[in-house]
Number of protein chains: 2
Amino acid sequence: MAPYQADITSRRIVLPVPYLVFLGDARSEAELKTAFGLRDWASENCLGQHRMESYVPDIGLPDMSFSAAHQAGARSLLIGLATDGGKLPEHWWPCLREAVNSGLSIVSGMHDSLDSVPGLSDLAKTKGCSLIDIRHWQPTLTVGTGQRRPGKRLLTVGTDCAIGKKYTALAITRAMKARAQAATFRATGQTGIMLAGSGVPIDSIISDFVSGAAEALSPANAADHWDIIEGQGALCHPAYAAVSLGLLHGSQPDRIVVCHQHGRKTLDGFPDYPVPSLAEAIEINLTMAKLTNPQVSCAGISLNTSAMAPRDRQDLLDLTSEQHGVPCFDPMISSLDALLDFIL
Amino acid sequence: MAPYQADITSRRIVLPVPYLVFLGDARSEAELKTAFGLRDWASENCLGQHRMESYVPDIGLPDMSFSAAHQAGARSLLIGLATDGGKLPEHWWPCLREAVNSGLSIVSGMHDSLDSVPGLSDLAKTKGCSLIDIRHWQPTLTVGTGQRRPGKRLLTVGTDCAIGKKYTALAITRAMKARAQAATFRATGQTGIMLAGSGVPIDSIISDFVSGAAEALSPANAADHWDIIEGQGALCHPAYAAVSLGLLHGSQPDRIVVCHQHGRKTLDGFPDYPVPSLAEAIEINLTMAKLTNPQVSCAGISLNTSAMAPRDRQDLLDLTSEQHGVPCFDPMISSLDALLDFIL
């Protein structure tokens, strides 16, 4: 594990921004999902891009060498692509060493630890740089307290994994800021942490400390400030419900927004498990959330309608909204005005 | 972390038995809770005791030197006492080295890692012994599959932590065996693992893998075999519910037994949180458990009645049984016959 824990409490990852985004030798845009996510949701954190070869697809930022990026103010090289099995390929090693030699810290979401690159750890010590493996990070561990804290919090939850919880939280945060509402996106997964520049990789935490980590992620704040917390897993999921429940209890959300994909019948990768209905998901999440915040309520439904014909989408959104008595939107096609009018 | 993972799948801790129980320089019986638990529940795993001083209270086993114990067949020195903050005091170090030098592995539930004892790790390598830190152990990590498996499983759950879940599971296992019913106690905490000689420290597992670890703990078995699984945490607990839910989902219990302490008003250490009623605890546990086993039901209530006058205890047990329609017993005073008649 990398030693970097810049947050004063050591209970959240805080990344050195701005980034130079490393695109490596990616051969397709699909490999660059993380980099495109950065461009779309955190362009203010991205100073430039670095490609190992000219054929690599780009994300529209200026190409920069490591030393030029450092001189321009970049503080870390962020690995913006995914490889098979999360490996750090051997032919990247000289590049990573050169980046550190130029004074850049490195931020990685790979399974391979940055310490596994020969010589990199010693070089980083010499240069005063950090090697930050988001997947391997553990916060200073504290158990949940259950104590209420000021500030308002909204958590996105889902009827399944990989169903739009991060995207929805980002969209809500952006919409709130556009209305000059004080709001902070709180990241719980590696991509979200790269976008936000800080956060807690909640599913990598020792299980006893999940709700405590969630409390640390969204600490006490001004009474009218909103933390918009990225959900993880799903409460009706046979593999990942434990993470979801710890996050729910520690977040103490005032509001939940439930994310659902129209037409998904069974849980992704779990064909024996039906996706719960929206009504079931709302009820079970509110039932469990009331333990730490009895005032919790459902503020809206984020519905992925990409599986249906465009002309039918709005009808379904309207119908779903009517059925559940809360705003329903598809963040890819809808304004979030109704949701914000309902919440604020 | 110690390298010892003798189980063929590396998904459970398996300890080298029998033990020589280390009583150190304990000054009171209270410090020896673990050792007394071993004597009461796993005497077949304990060959002898080792005291550093003659004034140390004993657990009634033969006093043995390390070499004599090894010659008599002992395979590990098990640290049977608790210290402040889980420290391994410096004046124990020579003892621990001597034990390894005599061929004994060491089993510890302390927070301090055995590797932190100078020279011990190298000595263990030389002697072919293992250093097993139960609290630091991580299994080969796999996520839950949710797939049903043969065999019958009973999980003890609770209205709070520290309420008798381990004791109840041990008592049920012992009672089943007394009836010649095939049954295995499955340990999920450090003391339970020492008693059973194997298990998974479920609250030390990375949160994403809790339900997978619970599946590995109670694998497929003969159709009429019962795994009696030690519960952890509580589903209505603001700090520990995540662990409880992952264990519940992965265990896929056919039956739950709910443990409760008569008279406890608020959660231990959480004065703002009321202890849920038995009806609430039964309902929420069954609701969540149905995800991975729709046939789950409540088989009984284990009630700690030590806070009430002896003459009133049986009336309360009878009344509680009547109210909930399941056997109710206090494992310190009751026979478990009614429970077993109800289950088997």
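Letters go in sequence order (proteins before strands), and every chain restarts at 1. No hydrogens, no waters, no symmetry mates; every other heavy atom, side chains included, goes into these values.
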**Q.** Neighbourhood of chain B inside residues 249-278 of chain A, taking heavy atoms under 4.5 Å as contact
**A.**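 Hits under 4.5 Å: His249(A), Phe270(A), Tyr273(A).
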**Q.** Heavy-atom pairs under 4.5 Å with chain B, option from Leu248(A), Asp203(A), Thr145(A) with the top count
**A.**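 With the most close heavy-atom pairs to chain B, the winner is Asp203(A).
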Q.
For chain A, which candidate among Leu291(B), Thr292(B), Leu245(B) shows the most heavy-atom pairs at distances under 4.5 Å?
A.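 If we count pairs closer than 4.5 Å to chain A, Leu291(B) comes out on top.
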Q) Residue by residue, which of residues 235-244 of chain B have a heavy atom closer than 4.5 Å to a heavy atom belonging to chain A? A)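 Residues in range: Leu235(B), Cys236(B), His237(B), Pro238(B), Ala239(B), Tyr240(B), Ala241(B), Ala242(B), Val243(B).
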Measure the [atom1]-[atom2] distance between [X] and [Y] for me, rounded to the nearest 0.5 Å.
X: Ile284(B); Y: Thr287(A); atom1: CD1; atom2: OG1; value: 6.0 Å
X: Ser207(A); Y: Ile202(B); atom1: OG; atom2: CD1; value: 6.5 Å
X: Asp208(A); Y: Ile205(B); atom1: CG; atom2: CD1; value: 11.0 Å

Q | Glu283(A) atom CD, neighbour heavy-atom count above 12 within 6.0 Å | A |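 Not more than 12 within 6.0 Å, no.
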